[in-house]
Number of protein chains: 2
Amino acid sequence: MARTLLERADAIPLLGEAFRTWGFEGASLARITEKTGLGKGSLYNFFPGGKEEMAEAVLAEIDGWFETHVFTPLATAEPKAGITGMLAATGDYFRSGNRICLVGAFALDETRSRFAIAINSYFSRWINALAGALERRGHARPEATALAEDVVLAIQGALVLARATDDPALFQRTLARLAQRLG
Amino acid sequence: MARTLLERADAIPLLGEAFRTWGFEGASLARITEKTGLGKGSLYNFFPGGKEEMAEAVLAEIDGWFETHVFTPLATAEPKAGITGMLAATGDYFRSGNRICLVGAFALDETRSRFAIAINSYFSRWINALAGALERRGHARPEATALAEDVVLAIQGALVLARATDDPALFQRTLARLAQRLG
DNA sequence: GTCTATAAAGCGATAGAC
DNA sequence: GTCTATCGCTTTATAGAC
C-alpha cells in the first residue's frame, strides 16, 4: 500500500523535527520540504490546512505517545512501576536531553494561542496522572499534587537548561535526582 | 536632551516585550514598529544591525538586570540575604509568572545559535553564583552545585508550565516551595 | 499524488527626501 | 533623526500540467 515515497504518518515525526529545530514561525515550507523530502504538492495533499494542520498533527502524535507510554501507565500500572516507567520513557523521548519539548516551546510565544487546548491538556494530564499515582503510593492529596507539579516542571526546566548550556547531561542528572526523590 | 520621542534605551524594554510575545522569528519589523511606536527609520538608526542587534541589546539589558539584582547580591551579600533577594527579584522580574524568560525561549530553537554565548553565560553565571552562596551557607561543593541547578531549572520549568497551563500561580507556588527548600 | 509555475502578500533592509 | 517609497527576496498558498 506504500504508494508514495513517504506516507502521511511517516512525515509527522520529520515535521516534528522541523518545528523543534526552527520553531513554528521559523519553520518555513522551504525548510519543511528540505527536512521531509516532501514537495509542497505532497504537503498540501496530506495537510490541506497548511502549516497549522501540520503542527496539529505533530502535537496529536506527541500526545498519543505520552498517553500510551506515560499517562496510561501512571494511571493503571502499579504506582511505583508507573513512576519508574515515566522517568525512563521521558529520558528516551527527550533523547537524554538532546531533544526539546515541542509542547513547552510552543507555549512560550504567541504560537500558544493557536494550540492552547492541546498544550494545556498535555501538561494538565501529565501532572494529574502523576499526582494520582503518588496518591496511590500514600501521599496526601495536596502534597501529591505539589510534588507532581514539581516533577513535571523540573523535567521542563531541565530541558531548557540542558539546551541553553549545551549540556544534555544536566537533563540526565535531573532525571536521576527525580528518581531518588520519588523512590 | 530628549530629542526623540523615545530614546534608544527606552525602546529596549519594548523590544523585549515584542520578542517575548512573538519570538525572534515571529517578531517582524511591522510588529516591532507597532509595539515600540518607532518607525523603521528610527529603528535602523538606533540598531544598524537590524533585528539581530535589537535582540542583542535586549539580551544585554536582561543580563545587566540580573547581574545587578541577582548575581552580584548572591556573590557579595550575606548568603541567606542573597538567596532571599534572588527569589524576590525573580518573582518581580517574571511578573509573578505572567512573563516568560526570553533567554530560555531563545535557547529552544535555532535562535539559540545566534546568541549562544549570551544564553549560556546567563544561565551558567546564575547557577554558579547561587552555588557559591550555598557553599558559603555550608553546603559541600557537589551538593551546592546540584541544588543550584535544581533551583534555576525549577524557575525555568515553572515559567514554562505557568504559561502552558495559563496559571501564573503555579510559578508563585514554585517560588514559595524553593524558599522553603533553601530556607 | 506529485511536480513546476505562479500569485499575492509580507519580509528585512536601504535610499533619499525632509 | 524620522519619514515614505522602494528594492529584492521569501513567505504561504494555489493552479494546472502530468
Side-chain angles (χ1 to χ4, degrees), chain A residues 1-59 102 105-106 109-115, chain B residues 1-60 102 105-106 109-115 118:
Chain A
M1 272 307 165
R3 318 251 297 287
T4 62
L5 193 60
L6 213 61
E7 307 268 353
R8 192 192 122 112
D10 300 324
I12 294 175
L14 296 170
L15 289 171
E17 243 189 273
F19 287 125
R20 262 180 261 266
T21 304
W22 301 105
F24 183 78
E25 294 282 347
S28 67
L29 290 185
R31 283 167 173 162
I32 291 173
T33 287
E34 194 186 358
K35 187 75 98 176
T36 60
L38 291 170
K40 288 190 221 186
S42 306
L43 286 169
Y44 276 92
N45 178 47
F46 288 149
F47 309 96
K51 251 173 74 164
E52 183 149 343
E53 189 173 340
M54 297 178 210
E56 272 164 15
V58 171
L59 290 177
L102 187 63
F106 276 5
D109 62 26
E110 264 306 303
T111 305
R112 175 180 174 275
S113 60
R114 294 174 181 263
F115 310 110
Chain B
M1 273 307 164
R3 318 251 296 288
T4 63
L5 192 60
L6 215 59
E7 308 267 355
R8 192 192 123 111
D10 300 324
I12 294 175
L14 296 170
L15 290 171
E17 245 189 271
F19 287 125
R20 261 181 261 266
T21 304
W22 301 105
F24 183 78
E25 295 281 347
S28 67
L29 290 185
R31 283 167 173 161
I32 291 173
T33 287
E34 194 187 357
K35 187 77 97 177
T36 60
L38 291 170
K40 287 191 219 187
S42 306
L43 287 169
Y44 276 90
N45 178 48
F46 288 149
F47 309 95
K51 249 172 76 165
E52 184 148 344
E53 188 173 341
M54 297 178 209
E56 272 164 14
V58 170
L59 290 176
L102 188 62
F106 276 5
D109 62 26
E110 264 306 303
T111 305
R112 174 180 174 274
S113 60
R114 294 173 181 264
F115 310 110

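Numbered from 1 within each chain, the chains take letters A, B, ... in sequence-line order.
Distance OH (B:Tyr44) to P (C:dT14): 6 Å, rounded to an integer number of Å. Spacing between atom CG of A:Leu38 and atom P of C:dG1 amounts to 13 Å, rounded to whole angstrom units. Here the P atom of nucleotide D:dT14 and the CG atom of A:Leu43 are 13 Å apart, to the nearest Å. With rounding to whole Å, A:Asn45 atom CG is found 16 Å from C:dT4 atom C1'. As rounded to whole Å, 17 Å separates atom P of C:dA13 from atom CZ of B:Phe46. Atom CZ of A:Arg8 is separated from atom P of C:dT2 by 13 Å (rounded to the nearest Å).
Between A:Glu17 and A:Lys35, the shortest heavy-atom contact is OE2-NZ, 3.6 Å. Shortest non-hydrogen contact noted between A:Ala27 and A:Ala18 is CB-O, 4.1 Å. Heavy atoms only, all atoms of each residue included: B:Val58 and B:Phe19 are closest at CG2-CD1, 4.2 Å.
Side-chain proximity of B:Lys51 to D:dT12, C:dG12, C:dT2: nearest is C:dG12.
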Tabulate below the donor-acceptor pairs under 3.5 Å that side-chain atoms of residues 36-47 of chain B make, not counting sequence neighbours, or state none.
from    : atom 1 : to      : atom 2 : distance (Å)
B:Thr36 : OG1    : B:Ile32 : O      : 2.7
B:Thr36 : OG1    : B:Leu38 : N      : 3.1

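A:Leu15 CG to A:Met54 CE: the interatomic distance, rounded to the nearest 0.5 Å, is 6.5 Å. Atom CZ of A:Arg8 sits about 5.0 Å away from atom CD1 of A:Ile12, to the nearest 0.5 Å. Taken to the nearest 0.5 Å, the CG atom of A:Asp109 stands 10.0 Å off from the CZ atom of A:Arg114. Of the inter-residue distances, the one linking A:Glu110 atom CD with B:Arg31 atom CZ reads 8.5 Å to the nearest 0.5 angstrom. The OG1 atom of A:Thr111 sits 10.0 Å away from atom CD of A:Glu52, with the distance rounded to the nearest 0.5 Å.
Each end of the helix from C:dG1-D:dC18 to C:dC18-D:dG1 yields a helix axis from five base pairs, and these two axes differ in direction by 0° (to the nearest 10 degrees).
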5' to 3', nucleotides 4-9 of chain D under a 4.0 Å protein heavy-atom cut-off (B base, S sugar-phosphate only, - none) gives ------
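Note: A:Phe106 and A:Phe24 have perpendicular aromatic rings, judged against thresholds of 30 and 60 degrees for the angle between ring planes.
The salt bridge (Lys or Arg N to Asp or Glu O under 4.0 Å) search around B:Glu34 returns none, not counting sequence neighbours.
A heavy atom closer than 4.0 Å to some atom of DNA chain C occurs in B:Ala27, B:Ser28, B:Leu29, B:Ala30, these being the qualifying members of residues 24-35 of chain B.
Side-chain atoms of A:Glu56 and A:Leu59, non-hydrogen and from C-beta on, never get closer than 4.5 Å to each other.
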Every protein N/O within reach of nucleotides 16-18 of chain C N/O, cut-off under 3.5 Å:
none

